[in-house]
Amino acid sequence: MQNQRKKITVAVVQNQPDFGQPEKNRASVARMILERPDPSADLIVLPELFATGYQFDSASEAAGLAEPERGPTFRFLSELSSETGAVVVAGLPIKRDGGVSNGALAVLGSHLLASYDKIHLFDEERDFFIEGTSPLPVVETPFGPLGLMICFDWLFPEALRSLALSGALVVAHPSNWVLPFGPQGMILRSVENRVFTVTANRTGQEERGGRPPLTFIGQSQIIGPRGDIIARASSNAPALLVAEIEPEEALSKKVASRSDFFEQRRPGLYSPLSS
Ligand code: ACM
């Protein structure tokens with residue numbers, strides 16, 4: 001293959017939303033991105049449920065904050081994309097037939113490139129959201145195939161594996177991490193699939209409905225296909241990470257001259273995985 005590797009700029013927003021105030025939270029994210037001297041980027045990733053907050057009290061509260069796929073958050077992401085030139089990925093509650101999903105959109109200008117409903121719901125999310133029923137998406141972008149997954153999906157190795165086997169070079173990963181081992185765990189996920197992973201997490205605490213408080217662990221990060229931590233935010237403050245990556249680095253799955261670990265897979269011997 002000719003050497004036509006292209007560097008792209010990735011921006012990751014780590015925000016601290018106020019629960020139930022989507023307009024205010026969207027405006028604050030817009031300021032974080034647009035008030036830089038040069039806001040342009042190729043990919044921008046925002047957290048899971050970035051504008052609503054996370055700890056819903058009930059399914060009806062989640063439904064009250066949910067939006068149609070092409071609602072106000074889509075329009076916001078579309079404007080952000082037009083102003084920066086970036087593919088923008090973000091999480092939001094989406095109104096679907098039969099309930100509300102914990103979803104994510106990938107938007108480029110006025111185009112909805114992907115709309116994904118989280119397939120592995122975490123803990124109390126199971127009371128508020130319906131599970132996604134479609135495979136994890138990989139979409140064509142100007143910088144190559146981009147995969148999407150949301151937060152807890154990461155702990156199912158099959159999720160990122162299926163994105164990588166479908167050709168994703170970069171995986172956008174909107175998150176609201178509360179478990180402590182996500183940031184380190186994602187390093188191995190990136191290495192075992194040789195892909196870039198871009199996790200946008202949030203910070204702060206929520207304590208709603210008399211339930212135990214949730215502390216979101218921040219540490220948004222960009223991890224390279226060799227496990228390098230290209231950028232990582234702190235655990236307790238909003239942040240904007242910006243870094244350059246070369247997506248084509250993720251094309252080769254070779255770790256030694258005779259060891260390509262995608263070619264050497266033995267799916268016929270992994271039958272428990274498909275049952
Ligand atoms: C999570 O999936 N938000 C922990």
Side-chain angles (χ1 to χ4, degrees), residues 12-20 22 25 29 45-59 61-63 65-67 73 89-94 96 99-106 115-137 147-163 171-190 197-209 211-221 223 232-233 235-236 238-239:
V12 184
V13 174
Q14 174 164 300
N15 72 335
Q16 187 167 323
D18 289 337
F19 187 91
N25 296 326
V29 163
V45 185
L46 314 181
E48 178 183 17
L49 300 167
F50 80 97
T52 57
Y54 180 84
Q55 199 181 25
F56 297 98
D57 266 346
S58 62
E61 186 178 59
L65 287 162
E67 299 177 21
T73 294
V89 177
L92 72 163
I94 303 177
R96 300 289 192 198
V100 173
S101 77
N102 182 347
L105 304 179
S115 172
Y116 165 64
D117 298 329
K118 189 176 185 180
I119 59 175
H120 305 104
L121 295 175
F122 178 67
D123 203 26
E124 288 185 346
E125 288 174 31
R126 305 181 80 180
D127 294 334
F128 312 135
F129 298 119
I130 53 172
E131 276 174 349
T133 53
S134 299
L136 295 137
L148 256 64
M149 65 179 193
I150 301 178
C151 203
F152 192 47
D153 284 333
W154 86 270
L155 206 41
F156 299 79
E158 298 88 346
L160 190 45
R161 180 62 118 206
S162 62
L163 290 171
V171 172
H173 182 212
S175 294
N176 272 195
W177 268 334
V178 289
L179 301 175
F181 40 78
Q184 291 303 96
M186 281 298 290
I187 294 175
L188 181 57
R189 285 288 172 278
S190 299
T197 58
V198 183
T199 301
N201 196 27
R202 58 161 289 181
T203 56
Q205 277 209 336
E206 284 181 6
E207 183 171 7
R208 305 196 62 252
R211 284 168 295 156
L214 288 176
T215 301
F216 301 93
I217 65 163
Q219 298 169 77
S220 296
Q221 60 184 16
I223 304 294
R232 183 181 273 172
S235 57
N236 55 10

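Position 1 is the first residue of the sequence; numbering continues from there. Indexing begins at 1, ligand by ligand and atom by atom, following the structure's order.
- Among residues at least two apart or in separate chains, there is no side chain to side chain donor-acceptor pair (under 3.5 Å) pair with a member in residues 126-135.
- Applying the salt bridge (Lys or Arg N to Asp or Glu O under 4.0 Å) test to every pair with at least one member in residues 147-157, sequence neighbours left out, gives no pairs at all.
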Enumerate, one pair per line, all nitrogen or oxygen atoms of ligand 1 lying under 3.5 Å from a protein nitrogen or oxygen, stating the separation to 0.1 Å; write 'none' if no such pair exists.
residue  : atom  : partner : partner atom : Å
ligand 1 : 2 (O) : Lys118  : NZ           : 2.7
ligand 1 : 2 (O) : Phe152  : N            : 3.1
ligand 1 : 3 (N) : Glu48   : OE1          : 2.9
ligand 1 : 3 (N) : Glu125  : OE2          : 3.3
ligand 1 : 3 (N) : Asn176  : O            : 3.4

Pair Leu155, Phe122 - check side-chain contact (heavy atoms from CB on, under 4.5 Å), show working.
CA-CA 10 Å; Leu155 206 41; Phe122 178 67; over 6 Å; no

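- Between Tyr54 and Phe19, the distance separating the two ring centers is not shorter than 6.0 angstrom.
- Among the candidates Lys118, His120, His173, the single residue satisfying the side chain to side chain contact (heavy atoms under 4.5 Å, CB included) test with Ile150 is Lys118.
- Applying the side chain to side chain donor-acceptor pair (under 3.5 Å) criterion to Asp117, with sequence neighbours excluded, gives Arg96, Ser101.
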